[in-house]
Amino acid sequence: MSNNGKFIVVAFGGNAFQSKTDKGTIEDYWRNAYTAAEIITKLVEDGYRVVVTHGNGPQVGIIAEWMTLGLKYKNIPPMSLDVAGAMSQGWLGYILQQAIRNKLVERKLLPWKIKGVVTIITQTLVRKHDPDFQNPSKYIGPWYDKAEAEKLSLEYGWIFKPDPRGGYRRVVPSPDPINQIEIDAIKLLVENGFIVIADGGGGVPVIEEDDKLIGVEGVIDKDLGAEKLASALGADILLILTDIDCAYLNYGTPEAKPLRELTSSEALKYYEQGHFKPGSMGPKILAGVRFVRNGGKLAIIAHLMQALDALRGKAGTRILPG
Ligand code: ADP
Ligand code: MG
């Protein structure tokens, strides 16, 4: 795809829809989606070809809660976690695609420059024997006491671990993504002038058996999924938007030092030294490193509200090849 260095994959954090101070009302969701839509619209005005992806951590947890309540009070059987992942893609995809479309129409960019905005329910291939299946570590859903946890574990095969904050919580594997099954459809749409929202929540994890796909119980890290998506599409830039201004060395200590620009080798060195927490900044840095090593030109980690400044080199952390 020819794109003059202006093909960008934008990854919104789960907090882009429900920030830490929001209650998570539907009004919060729409307000936050319009903030995201404003950023996407400005990128389109600046001549970028844009693909959008997003996290689903809070939402998968909420869906798991709904399922548990349904089970408790109405005896509605819970869905499997791959289905919950697909639900979250539909939920956030719908809100985003409507908000982005409305903004583009307002600025007269749609249907002239952009043909449409569409969400692709995305399945992402993972390894059947990914080590995370043996040692699931990602907490989702509500907290239980020990007796409840044991009962659910027997009944549904769910795995529970004690939560550092008390009580027991369901844990699920977070396998490493390999590739998106729908990548060719995504490419076709992008080439034909659509804005595509894809691989939400890192993609619905699936494994392949005898040429058939099967959904698995897990939640892929959205930053690692975004990298695979951006690399497969041949994007120039991977822009990871979150709730902190940049990545720090010695984060959370008085010696904290912001990282502005570094090569993938430097980033990997700091990663291995343990500067970035697993499950939050860690996967963002790893995604950035992988992206520029797979042919990407630039990976940026920045605060949602500084997206455009970060693209101009005035904010965020920039990871470059080398
Ligand atoms: P998102 O929903 O955008 O993926 P995360 O909570 O997963 O957000 O990741 C962002 C968080 O990473 C920040 O709010 C910060 O608390 C945490 N974090 C961990 N290590 C670092 C670090 N070294 N530098 C900056 N932030 C860090
Ligand atoms: Mg995260």
Side-chain angles (χ1 to χ4, degrees), residues 9-22 24 28-29 32-33 35-36 39 52-62 85 88-89 91-92 95-96 124 132 137-140 164-165 171-177 199-203 205 218-230 238-262 266-291 299-307 310 315-319:
V9 170
V10 184
F12 291 102
N15 59 60
F17 300 97
Q18 184 177 342
S19 76
K20 281 164 191 154
T21 52
D22 284 344
D28 290 333
Y29 272 80
N32 293 328
T35 302
I39 294 167
V52 179
T53 187
H54 59 81
N56 72 346
Q59 294 77 28
V60 156
I62 289 165
S88 75
Q89 290 185 349
W91 168 1
L92 298 176
I95 288 179
L96 262 179
T124 299
D132 232 79
S137 53
K138 194 175 176 69
Y139 290 97
I140 62 156
R165 282 172 285 174
V171 286
V172 298
S174 192
D176 210 17
D199 205 53
V219 178
I220 298 174
D221 185 275
K222 75 105 183 13
D223 299 310
L224 300 181
E227 183 280 316
K228 287 286 165 287
L229 180 68
L238 172 60
L239 177 61
I240 298 178
L241 297 176
T242 183
D243 64 352
I244 192 155
D245 58 338
C246 65
Y248 287 81
L249 292 182
N250 304 309
Y251 178 68
T253 75
E255 285 82 52
K257 181 176 168 263
L259 287 167
R260 288 299 171 201
E261 193 167 291
L262 67 173
E266 290 168 322
L268 197 57
K269 183 183 77 193
Y270 296 139
Y271 178 86
E272 281 162 359
Q273 289 170 355
H275 283 280
F276 315 113
K277 291 209 181 97
S280 59
M281 190 51 71
K284 295 183 203 311
I285 296 285
L286 195 57
V289 168
R290 286 180 178 176
F291 178 64
I300 305 175
I301 299 159
H303 193 283
L304 177 69
M305 295 306 188
Q306 297 181 326
T317 296
R318 298 160 75 86
I319 302 176

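As the structure is a computational prediction, the values presented were derived from the model and not from experiment. Start at 1 and go down the list; that is how both ligands and their atoms are numbered.
Closest heavy-atom approach to atom 19 (C) of ligand 1 within the set G57, S280, G279: this belongs to S280.
With T53 contributing its side chain and D199 its backbone, the two residues share a donor-acceptor pair below 3.5 Å. In terms of modelled atom types and a separation under 3.5 Å, the side chain of D28 and the main chain of Q18 share no donor-acceptor contact. Of the possible polar contacts, one joining the T317 side chain to the A247 backbone as a donor-acceptor pair under 3.5 Å is found.
When hydrogens are left out, the protein atom nearest atom 13 (C) of ligand 1 is D243 OD1, 3.5 Å; that is the closest non-hydrogen contact. In terms of protein heavy-atom proximity, atom 2 (O) of ligand 1 is closest to N15 ND2, 2.9 Å. Nearest to atom 16 (O) of ligand 1 among the protein's heavy atoms is Y251 OH, 2.8 Å. Nearest non-hydrogen protein atom to atom 4 (O) of ligand 1 is K284 NZ, 2.5 Å.
Expressed to the nearest 0.5 Å, how far CG of L239 lies from CZ of F12 amounts to 8.0 Å. Here F17 contributes atom CZ and L96 contributes atom CG; the two are 4.0 Å apart, rounded to the nearest 0.5 Å.
The atoms of ligand 1 that sit less than 4.0 Å from any heavy atom of G13 are 1 (P), 2 (O), 3 (O). Residue contact check: K277 has heavy atoms under 4.0 Å from atoms 19 (C), 20 (N) of ligand 1. Ligand 1 places these atoms under 4.0 Å from at least one heavy atom of T242: 1 (P), 3 (O), 8 (O), 9 (O), 10 (C). Those atoms of ligand 1 that come under 4.0 Å of a heavy atom in A247, given as number and element, are 24 (N), 25 (C).
Proximity of C246 to ligand 1 is established by a heavy-atom distance of less than 4.0 Å.
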Next item on the list: Give the C-alpha distance, both sets of side-chain angles, the deciding distance and a yes or no for side-chain contact (heavy atoms from CB on, under 4.5 Å) between D223 and E227.
Entry: CA-CA 6 Å; D223 299 310; E227 183 280 316; over 6 Å; no

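Every pair passing salt bridge (Lys or Arg N to Asp or Glu O under 4.0 Å) that includes a residue from residues 248-262 is listed here, sequence neighbours excluded: E261-R318.
On a distance-only criterion, Y248 and ligand 1 share at least one N/O pair closer than 3.5 Å.
For K228, there are no side-chain hydrogen bond (donor to acceptor under 3.5 Å, both in side chains) partners, not counting sequence neighbours.
With contacts defined as side-chain heavy-atom distances shorter than 4.5 Å, the pair L224/D176 qualifies.
Residue-level proximity to ligand 1 for I244 is carried by the side chain, the only part with a heavy atom below 4.0 angstrom. With a heavy-atom cut-off of 4.0 Å, H275 touches ligand 1 through its backbone alone.
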